[in-house]
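For ligands, and for the atoms within them, numbers begin at 1 and follow the listed sequence. What you are looking at is a predicted structure, and each value in this text was computed from that prediction instead of being measured.
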Amino acid sequence: MAPAARLRVVVLVSGSGTNLQALIDAASDPGFGVDIVAVGADRGRIEGLARAERHGIPTFIVRAPEFPTRAAWDTALAAAITAHAPDLVVSAGFMKILGPAVLGAHRVLNTHPALLPSFPGAHGVRDALAHGVKVTGCTCHWVDAGVDTGPIIDQRAVRVQDGDTEESLHERIKVQERAMLVEVLARLAATTGAGG
Ligand code: GAR
């Protein structure tokens, strides 16, 4: 019997990359069914890229300020991703809006630190805290042309505690977020495999 197809994944990061690390750790088990074939970023000198390098995963950087227009950046990012022939792109703390070139060429999944459709955008944790919600959490969703508007794949709830700061709340959300992301990828690998 032919071996089951493995899901080729490119992960995009802009910062510390703890969600990426959770995927790297999970992917060290061949049974997970996922190969992280590259890690891309919009900036250098970040822990997310260092994590990839420590694990021998190819990296690339496509910096928006180096391109004359946002569209040119989007096209270059799409090409850099395509070079690794992924079945799926995971935006895990990538802090830029992806454009039509990337989204037209790839299936992209994002993880967001709030219970969408509440608190989309770059400050999901801060905005939820400022609103005074008692429960927030994280969302994994498909990326469409809007800002955090695509179809929801999974969510986890996290209670806000008295005295929470943006940092303390975000840390508790990220514990849930990492587990959610690993579970979502495991399900996708099991149900779709490559090219599904
Ligand atoms: C995660 O909480 C992710 O949801 C968030 O950045 C963090 C990255 O953490 N992304 C956004 O806010 C995108 N709007 P990590 O670098 O440690 O994985």
Only one of Val90, Val10, Val13 passes side chain to side chain contact (heavy atoms under 4.5 Å, CB included) with Val39, and that residue is Val13
Paired with Lys174, the side chain to side chain contact (heavy atoms under 4.5 Å, CB included) test is passed by just one of Gln176, Arg172, Arg178, namely Arg178
Donor-acceptor under 3.5 Å (Thr136 side chain, Val158 main chain): no
Arg45 CZ: over 12 foreign heavy atoms closer than 6.0 Å: no
Kindly compute the distance separating OG1 (Thr139) from CE (Met180), expressed to the nearest 0.5 Å. 6.5 Å
Rounded to the nearest 0.5 Å, what separation is found between the CG atom of Asp154 and the CG atom of Leu109? 10.0 Å
Which protein residues have a heavy atom under 4.0 Å from ligand 1? Ser16, Gly17, Thr18, Asn19, Gly93, Met95, Thr111, His112, Pro113, Gly121, His170, Lys174, Glu177
